[in-house]
Amino acid sequence: MKWASPMPLWAPWCAQAITQINKHMEQGLFRKVSKVATVLATLFFLSACSPKLDWRTVQSPQERYSALFPGKPDKLERHIPYLDQELLQTLEAVKIDDDIYSIGTIQLPANQSASLSKVLSQLQGNLLDRAKASGGDVIIEDASYKTADRQRLPTKDFFLDLKANSKTQQLMRVRWINRVAPNGDNWIYQISVLHAGSGSDNAKTFLSQEEYENFFSDFSPE
């Protein structure tokens with residue numbers, strides 16, 4: 001499944017402004033400015049127009065969390081088979097270049113709390129088994145997350161190297177968080193970034209960069 005990368009409202013303005021910069025430079029208006037300063041200024045302007053910097057806080061009261069996305073996410077639903085039933089998972093996701101940032105939410109009713117560990121095991125196994133079956137690596141690291149009331153609680157980050165024909169095809173970082181609501185319902189969150197394409201770094205090194213770290217560290221469930 002692919003998500004179309006949303007075009008910010010200021011994108012046409014950025015394109016027009018960049019064109020004007022190039023036109024003025026061709027006319028020699030910046031001849032007295034050093035080449036180094038011109039290049040730095042242009043690079044700064046281009047980075048400001050990049051959708052990668054279009055970070056915004058997204059409030060999801062129905063799913064009981066807030067998160068920092070690098071663009072406006074799309075929202076959709078899917079059903080996950082579990083034993084003789086299907087669990088509804090709500091997804092908010094955005095695609096930026098080769099990356100898909102997503103948060104999946106499952107509400108497990110209080111009367112099914114006994115199934116919590118099995119549901120989590122299935123969610124994790126679907127991804128971890130796939131990585132291992134492809135010949136890829138799985139690295140597990142201690143991590144923490146911050147709740148809406150500013151408690152910091154422990155969790156785990158999983159870094160996956162997904163391969164095909166012995167070559168890395170995708171890198172993934174994912175964590176699972178469970179929160180219990182006042183009414184006893186369990187809320188299961190799957191926070192992940194999927195990067196398409198191989199790189200010189202392994203999954204842990206690559207997906208620990210600031211732009212990915214921000215997405216994980218600024219997720220706050222109730």
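Just so you know, these numbers come straight off a predicted model, no measurement behind them.
- Asn126 places a side-chain N or O within donor-acceptor distance of the main-chain N or O of Gln122, the cut-off being under 3.5 Å.
- Taking 4.5 Å as the limit, every side-chain heavy atom of Leu171 sits out of range of all side-chain heavy atoms of Leu162.
- Within the 3.5 Å criterion, the main-chain N or O of Ala93 finds no donor-acceptor partner in the side chain of Ser102.
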For side-chain contact (heavy atoms from CB on, under 4.5 Å), just list the numbers for Leu87 and Val119, CA-CA rounded to whole Å, side-chain angles, deciding distance to a tenth of an Å, and then say yes or no. CA-CA 9 Å; Leu87 300 175; Val119 173; 3.8 Å; yes
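- Across all their heavy atoms, Met172 and Ser192 have their closest contact at CE-CB, 3.7 Å.
- Atoms CG and CD1, on Leu123 and Ile80 in that order, are 5.5 Å from each other to the nearest 0.5 Å.
- Rounded to the nearest 0.5 Å, atoms CD (Gln124) and CD1 (Ile140) are 8.5 Å apart.
- Arg173 places a side-chain N or O within donor-acceptor distance of the main-chain N or O of Leu207, the cut-off being under 3.5 Å.
- When side chains are defined from C-beta on, Ile103 counts as touching Phe215, because their heavy atoms get closer than 4.5 Å.
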Please test Thr147 against Arg179 for side-chain contact (heavy atoms from CB on, under 4.5 Å), starting from the C-alpha separation and ending with a verdict. CA-CA 10 Å; Thr147 63; Arg179 297 286 292 166; 3.6 Å; yes
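- Side-chain contact, Thr105 with Thr90: no donor N or O sits under 3.5 Å from an acceptor N or O.
- Interatomic distance, CG of Leu91 versus CG of Leu76, reported as 5.0 Å (0.5 Å rounding).
- For the pair Gln170 and Leu194, the minimum side-chain heavy-atom distance is below 4.5 Å.
- Residues Tyr82 and Leu88 are members of separate hydrophobic clusters, defined by side-chain heavy-atom contacts under 4.5 angstrom among Ile, Leu, Val, Met, Phe, Trp and Tyr.
- Here the straight-line distance linking atom CG of Asp157 with atom CD of Glu213 works out to 7.5 Å at 0.5 Å rounding.
- Of the residues listed (Arg78, Gln107, His79), the one engaging Gln89 in a side chain to side chain donor-acceptor pair (under 3.5 Å) is Arg78, and it is the only one.
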Is there a side-chain contact (heavy atoms from CB on, under 4.5 Å) between Arg175 and Lys156 once you walk through the steps? CA-CA 6 Å; Arg175 68 172 53 162; Lys156 299 283 186 182; over 6 Å; no
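- Remark: the Asp99 side chain and the His195 side chain contain an N/O donor-acceptor pair separated by less than 3.5 Å.
- With sequence neighbours excluded, the residues satisfying ring-ring contact (aromatic ring centres under 6.0 Å, His included) with Trp176 are Phe158.
- A donor and an acceptor atom, one from each side chain of Glu92 and Ser60, are located under 3.5 Å apart.
- Judged by distance alone, the side chain of Ser220 and the main-chain N or O of Lys146 form a donor-acceptor pair under 3.5 Å.
- Residues Val94 and Asp74 fail the side-chain proximity criterion, which asks for heavy atoms closer than 4.5 Å.
- Separation of atoms CG (Asp218) and CH2 (Trp55) is listed at 8.0 Å; rounding is to 0.5 Å.
- Of all the heavy atoms in Leu160 and Ala203, the pair that sits closest is O-CB, 3.5 Å.
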Check the pair Ser144, Arg152 against side-chain hydrogen bond (donor to acceptor under 3.5 Å, both in side chains), reporting the backbone distance first and the verdict last. CA-CA 6 Å; Ser144 65; Arg152 188 162 289 280; 3.2 Å; yes
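- At a threshold of 4.5 Å between non-hydrogen side-chain atoms, the residues Gln190 and Val174 count as touching.
- A distance-only check finds no donor-acceptor pair linking the side chain of Asn186 to the backbone of Ser113 [under 3.5 Å].
- Under the 4.5 Å side-chain heavy-atom criterion for grouping Ile, Leu, Val, Met, Phe, Trp and Tyr, Ile106 is not connected to Val180 through any hydrophobic cluster.
- In this structure, the ring of Phe206 has its center no less than 6.0 angstrom from the ring center of Phe159.
- The number of heavy-atom neighbours closer than 6.0 Å to CD of Glu210, taken from other residues, nucleotides and ligands shown, is 12 or below.
- Taking OG of Ser217 as the start and CD1 of Ile191 as the end, the distance is 11.5 Å to the nearest 0.5 Å.
- Listed for the Ser134 side chain is a donor-acceptor partner under 3.5 Å among the backbone atoms of Ala131.
- Annotation for Ser115 and Leu108: closest pair C-CD2, 4.2 Å, computed over non-hydrogen atoms.
- Checked against ring-ring contact (aromatic ring centres under 6.0 Å, His included), Phe216 has no partners two or more places apart in sequence or in another chain.
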Hey, mind stepping through Asn178 and Leu116 against side-chain contact (heavy atoms from CB on, under 4.5 Å) and telling me if it holds? CA-CA 9 Å; Asn178 170 234; Leu116 175 62; 3.2 Å; yes
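- Side-chain contact between Pro70 and Tyr101: present, with at least one pair of heavy atoms (C-beta onward) separated by less than 4.5 Å.
- Residues passing the ring-ring contact (aromatic ring centres under 6.0 Å, His included) test with Tyr189 are Tyr65, Phe219, sequence neighbours excluded.
- Under a cut-off of 6.0 angstrom, the local environment of CD in Gln62 is sparse, with at most 12 non-hydrogen atoms contributed by other residues, nucleotides or ligands.
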